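Atom set for the values below is all heavy atoms of this structure, side chains included, hydrogens, waters and symmetry mates excluded. The model shown is predicted, which means the values in this text are computed figures rather than measured ones.
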Amino acid sequence: MGIERFLTLVPISLNEHSYTYSNIWLVPILKQYVTGASLAYYMEHIMSLAKSFKKASQKVKKPGISQDLLACAYELWGLLPSFCRHATDTHQHFTRLSDVLVTFLKKDPSMHQNVSTALQILVNENKAALIPKKSMEDCHAEYDFLSEFGMQPTYSKKAATKNIKSLVSCSNQLLYVLSDLFISSLPETRFCLKGAIGCLASVTDSSVTKEVFVSLLKSFQFVDCEGEGEILTSPAGVVDSDQNDLKGYSQRCLILELAYCLVQGAKDNLIEIIYNFTIHSFQATDESVHHEAYNTLCKILEENPCLSSARYIELIDLLHGLKPPTSIASLRSRYACFHMLMVHAVKVSLEEEENSKAFLILNEIILTLKDGKDETRKEAYDYLLNISSTLRDSSFIGSIEPYHKLVSMIMGYLSGSSPHIKSGAVSALSVLLYKDTNLPISVSDLVPSLLSLLQTKDVEIIKAVLGFVKVMVSSLEARELQNILSEVITEILPWSSVSRNHFKSKVTVIFEILLRKCGSAAVKLVTPEKYKVFLKTVLENRHGKSSEAVTNDTKNMPEDSSAKRPERRKPENSDNLEKNSLKDNKRKRDKKFETDMPGQKGSLMSTSNDGLRLPKRSRYSNDKNPNVGRPEESEKGKKSWNKSFTGGGGKRKVKVTSTGKDKAASHVPIQPSKSHKLQRKFKRN
């Protein structure tokens with residue numbers, strides 16, 4: 001229907017005399033579902049309605065009603081981002097809207113978030129139409145609610161071009177206002193403004209963005225006003241504040257944060273200024289400055305890949321000369337810079353000097369894998385996973401695939417002299433193997449090279465190699481393991497007899513995985529004779545519980561089980577029927593007696609192969625009567641037997657009673673019935 005027609009039928013209204021309103025409940029629904037609306041309608045109708053609510057709130061005397069009306073006004077103003085979603089008249093009315101946005105930014109802090117979101121929606125939606133590779137996920141407008149209608153609005157290239165021109169025409173004023181507001185805002189407010197500044201800078205002419213950035217550098221006295229062109233293109237010419245001045249550090253962090261936002265869309269001259277300012281910031285001793293400098297440098301390298309080539313050696317030497325940060329956030333940003341430089345070194349670089357510089361990065365990553373802090377090691381693991389994923393998915397120049405080149409570089413550390421570096425390299429290869437299970441196949445000498453390290457006596461190396469083998473046997477399929485099964489088992493078995501440092505338990509775990517995947521027959525076939533005892537122990541430990549259960553079931557089968565019944569078959573005459581009936585009753589009583597023995601219930605029950613619960617009779621198998629030698633239990637058994645029958649006329653009647661009912665039964669002695677006497681006769685026979 002469209003928002004205009006809908007609100008004509010169901011209007012949001014205010015009675016300025018009684019201070020009552022209607023249909024304000026529609027606002028949350030409009031905020032989520034409005035799309036394809038008009039900016040002019042928002043400015044002419046929604047804003048006008050919001051002003052009416054605000055005026056009414058100032059007139060009313062009751063505080064509760066006043067606050068309620070004011071809240072309604074802000075809810076209506078908050079519809080701004082919704083009306084910017086796929087707006088139909090951006091190129092016609094954005095100039096008017098920009099004045100409204102500037103007013104909001106200067107006079108109403110509560111609208112900063114809405115203005116920032118609205119600008120990001122307008123810019124990103126139009127950029128997505130002009131740049132096919134631009135994903136709609138980058139747009140801050142969320143179109144999940146439109147999936148049920150099977151539509152996702154997009155601009156035509158012609159309309160998007162007009163809209164971008166309109167946005168650029170007003171970006172100068174907006175950038176100045178946003179940057180001034182950014183500098184003066186608190187950190188929590190600053191975050192929402194960064195997105196709007198970055199979006200506008202990406203479509204604004206670089207000369208305009210440069211003016212904004214240079215004006216801020218001058219206001220904080222980071223550059224001289226004279227000789228501007230020379231100073232801003234030379235790191236040595238940048239004027240630094242007192243390194244011990246915390247205020248100076250804070251100001252530098254602010255400028256670096258703003259520079260991060262301005263990088264996207266910046267041209268050569270502005271990039272050079274931001275780059276020099278960022279590099280010079282690493283001279284500060286404050287780690288917070290380094291954190292922002294790492295972020296900005298990473299953004300520069302991401303948006304300008306050619307800079308990685310031109311300044312590669314310079315940047316590697318600079319970053320290698322800096323002490324790795326203790327902050328995890330800073331370390332993550334440092335590794336993000338390493339990521340861009342490493343991709344260049346492995347994919348593009350063919351010069352020996354540049355390749356040798358790449359090992360400086362690998363040195364730090366491999367050493368970090370051996371760090372004592374879990375969070376620090378995790379960052380190194382994540383770096384390796386990210387770089388391997390990037391290299392596997394990219395095209396390459398030359399005869400060696402970039403990913404395999406990275407693997408070869410790491411394997412080069414296996415021939416080093418330091419056990420610490422060797423074990424770190426093995427850990428790095430374990431990370432790559434976890435991500436890529438085809439690694440042992442694509443790099444044929446990988447597994448033999450690592451298994452050969454088991455010949456050393458260094459504990460650190462042995463631990464790392466056994467860890468690699470565990471990852472490998474866990475990751476590979478059974479058919480892939482068959483090709484290396486003999487080699488793996490032969491090399492790891494000598495450590496099965498060493499209990500220190502958990503070597504034996506590590507080898508045992510590896511064998512359990514191999515037995516599960518390849519089968520015991522295949523493992524036995526390639527196990528040397530002198531280690532068959534170890535293999536037998538692993539098999540027993542692996543199947544011990546289930547084998548013991550099966551053995552106990554067999555040993556503890558009652559004598560009247562189905563296995564012994566077919567031995568003697570007699571005609572089913574009346575005497576035999578009665579005798580069989582009495583035997584059945586005796587078995588039931590015996591079972592009840594054994595089950596009710598105090599403290600013995602768990603030990604006297606066993607599960608047979610068919611899932612039934614059967615009594616264990618082995619403890620009393622040599623006695624004709626299991627109650628012999630146990631007067632107390634025997635007396636209890638007799639009482640239980642007596643309670644199972646009634647003594648009237650020799651007629652047997654089985655009573656199913658619980659233990660609680662047995663205890664509450666009468667203590668009057670019951671005379672043995674005819675069936676009871678017959679039972680004793682059979683027992684004597």
- Would you say the side chain of Leu193 lies within less than 4.5 Å of the side chain of Ser185, judging by non-hydrogen atoms? yes
- Tyr41 meets the ring-ring contact (aromatic ring centres under 6.0 Å, His included) criterion, sequence neighbours left out, with His45
- Tyr294 ring centre to Arg334 NZ or CZ under 6.0 Å, with the angle to the axis within 45°? no
- Task: Search all heavy atoms of Ala259 against all heavy atoms of Thr296 and return the closest pair with its distance.
- Result: CB-CG2, 4.2 Å
- Item | Close side-chain approach of Phe213 and Ile255, heavy atoms under 4.5 Å | yes
- Are the side chain of His112 and the backbone of Leu105 linked by a donor-acceptor contact shorter than 3.5 Å? yes
- Query: Would you call Lys210 and Glu272 a salt bridge, taking side-chain N to carboxylate O under 4.0 Å as the test?
  - Reply: no
- CZ/Phe182: more than 12 non-hydrogen atoms of other groups inside 6.0 Å: yes
- Message: Just checking Tyr74 against Phe53, ring centres under 6.0 Å apart?
- Response: no
- Mark yes or no for whether Ser389, through its side chain, and Asn386, through its backbone, hold a donor-acceptor pair below 3.5 Å. no
- Item | Note, Ser215 side chain near Tyr176 side chain (heavy atom, < 4.5 Å) | yes
- Derivation of the side chain to side chain contact (heavy atoms under 4.5 Å, CB included) call for Leu79 and Val27: CA-CA 8 Å; Leu79 290 175; Val27 173; 4.1 Å; yes
- Message: Quick check: do Lys162 and Ser166 have side-chain heavy atoms less than 4.5 Å from each other?
- Response: no
- Indicate the ring-plane relationship of Phe222 and Phe220, choosing parallel, tilted or perpendicular according to the 30° and 60° boundaries. tilted
- For residues 375-385, the side chain to side chain donor-acceptor pair (under 3.5 Å) pairs (sequence neighbours left out) are Arg332-Glu379, Asp374-Arg377, Lys378-Asp382
- Message: Looking at Lys31, I want to see if its NZ is surrounded by more than 12 non-hydrogen atoms of other residues, nucleotides or ligands under 6.0 Å.
- Response: no
- Would you check if there is a donor-acceptor pair between the side chains of Gln113 and Thr117 at a distance under 3.5 Å? yes
- Item | Distance in Å, Leu122 CG paired with Ser98 OG, rounded so as to fall on 0.5 Å steps | 11.0 Å
- Message: Run the salt bridge (Lys or Arg N to Asp or Glu O under 4.0 Å) test on Lys357 and Asp317 for me, step by step, so that the C-alpha distance in whole Å, both residues' side-chain angles and the decisive distance to 0.1 Å come before the verdict.
- Response: CA-CA 8 Å; Lys357 293 292 183 181; Asp317 290 338; 2.7 Å; yes
- Item | Donor-acceptor pair between Tyr403 and Asp436 side chains, under 3.5 angstrom | yes
- Query: So, Gln264 side chain and Ala201 main chain: donor-acceptor pair closer than 3.5 Å or not?
  - Reply: no
- Message: Looking at Glu188 and Lys194, is any side-chain nitrogen of the basic one under 4.0 Å from a carboxylate oxygen of the acidic one?
- Response: no
- Can you tell if the side chain of Thr204 reaches within under 4.5 Å of the side chain of Asn172, non-hydrogen atoms only? no
- Query: Taking side chain as C-beta onward, heavy atoms only, is His404 less than 4.5 Å from Ser442?
  - Reply: yes
- For a side chain to side chain contact (heavy atoms under 4.5 Å, CB included) with Leu80, tell me which candidate from Leu97, Ile46, Leu39 qualifies. Leu97
- Task: Start with the C-alpha distance between Arg96 and Met43, add both sets of side-chain angles, then the distance that settles side chain to side chain contact (heavy atoms under 4.5 Å, CB included), and finish with yes or no.
- Result: CA-CA 9 Å; Arg96 284 177 57 200; Met43 290 184 284; 4.0 Å; yes
- Roughly how far apart are Leu174 CG and Leu200 CG, rounded to 0.5 Å? 6.0 Å
- Message: Leu432 vs Ile410, test: side chain to side chain contact (heavy atoms under 4.5 Å, CB included). Steps then yes/no.
- Response: CA-CA 10 Å; Leu432 298 182; Ile410 296 175; 3.7 Å; yes
- Query: When you measure from the side chain of Lys422 to the backbone N and O of Gly416, does any donor-acceptor pair fall under 3.5 Å?
  - Reply: yes
- Task: Report yes or no: does Ser206 contribute a side-chain atom to a donor-acceptor pair with the main-chain N or O of Ala266 at less than 3.5 Å?
- Result: no
- Would you say the side-chain atoms of Ser281 and Arg252 include a donor-acceptor pair closer than 3.5 Å? yes
- Charged N-O contact under 4.0 Å between Glu401 and Lys405: no
- Roughly how far, to the nearest 0.5 Å, is CD of Glu292 from CG of Leu258? 11.5 Å
- What orientation do His344 and Tyr312 show, parallel under 30°, tilted 30 to 60°, or perpendicular over 60°? tilted
- Item | Expected output: side-chain Tyr42 to main-chain Trp77 donor-acceptor under 3.5 Å | yes
- Message: Under 3.5 Å, is there a donor on one side chain and an acceptor on the other for Ser202 and Lys127?
- Response: yes
- Is any side-chain heavy atom of Met342 less than 4.5 Å from a side-chain heavy atom of Leu406? yes
- Beyond-backbone contact of His91 with Lys165, side-chain heavy atoms, under 4.5 angstrom: no
- Item | Distance-minimising heavy-atom pair for Asn114 and Gly78 | ND2-CA, 3.6 Å
- Message: Using only atom types and a distance under 3.5 Å, with no angle test, would you say the side chain of Gln120 pairs donor to acceptor with the backbone of Ser116?
- Response: yes
- Which atom of Cys261 lies closest to which atom of Ile197, heavy atoms considered: CB-CG2, 3.8 Å
- Query: Looking only at heavy atoms, what is the nearest atom pair of Leu319 and Cys337, with distance?
  - Reply: CD1-CB, 4.1 Å
- Between Asp89 and Ser38, the two heavy atoms sitting closest are OD2-OG, 2.7 Å
- Task: Show your working on side chain to side chain contact (heavy atoms under 4.5 Å, CB included) between Leu446 and Leu439 and close with a plain yes or no.
- Result: CA-CA 8 Å; Leu446 175 65; Leu439 189 60; 3.6 Å; yes
- Would you say Tyr434 has more than 12 foreign heavy atoms packed within less than 6.0 Å of its OH? no
- Heavy-atom closest pair, residues Cys199 and Val123: O-CG1, 3.5 Å
- Message: Applying the side chain to side chain contact (heavy atoms under 4.5 Å, CB included) criterion to Asn126, which one of Thr161, Ile164, Val203, Ile121 satisfies it?
- Response: Ile164
- Query: Do the side chain of Ser184 and the main chain of Asp180 share a donor and acceptor less than 3.5 angstrom apart?
  - Reply: yes
- Any chance you could measure Leu216, atom CG, to Leu254, atom CG, to the nearest 0.5 Å? 9.5 Å
- Exam field: side chain His290 to backbone Ala284, donor-acceptor pair closer than 3.5 Å: yes
- Item | Main-chain N/O of Ser327 paired to Ser330 side chain as donor or acceptor, under 3.5 Å | no
- Here the gap from Ile387 atom CD1 to Lys435 atom NZ, rounded to the nearest 0.5 Å, amounts to 13.0 Å
- Task: Find the distance between SG (Cys84) and CG (Leu119) and round it off to the nearest 0.5 Å.
- Result: 7.5 Å
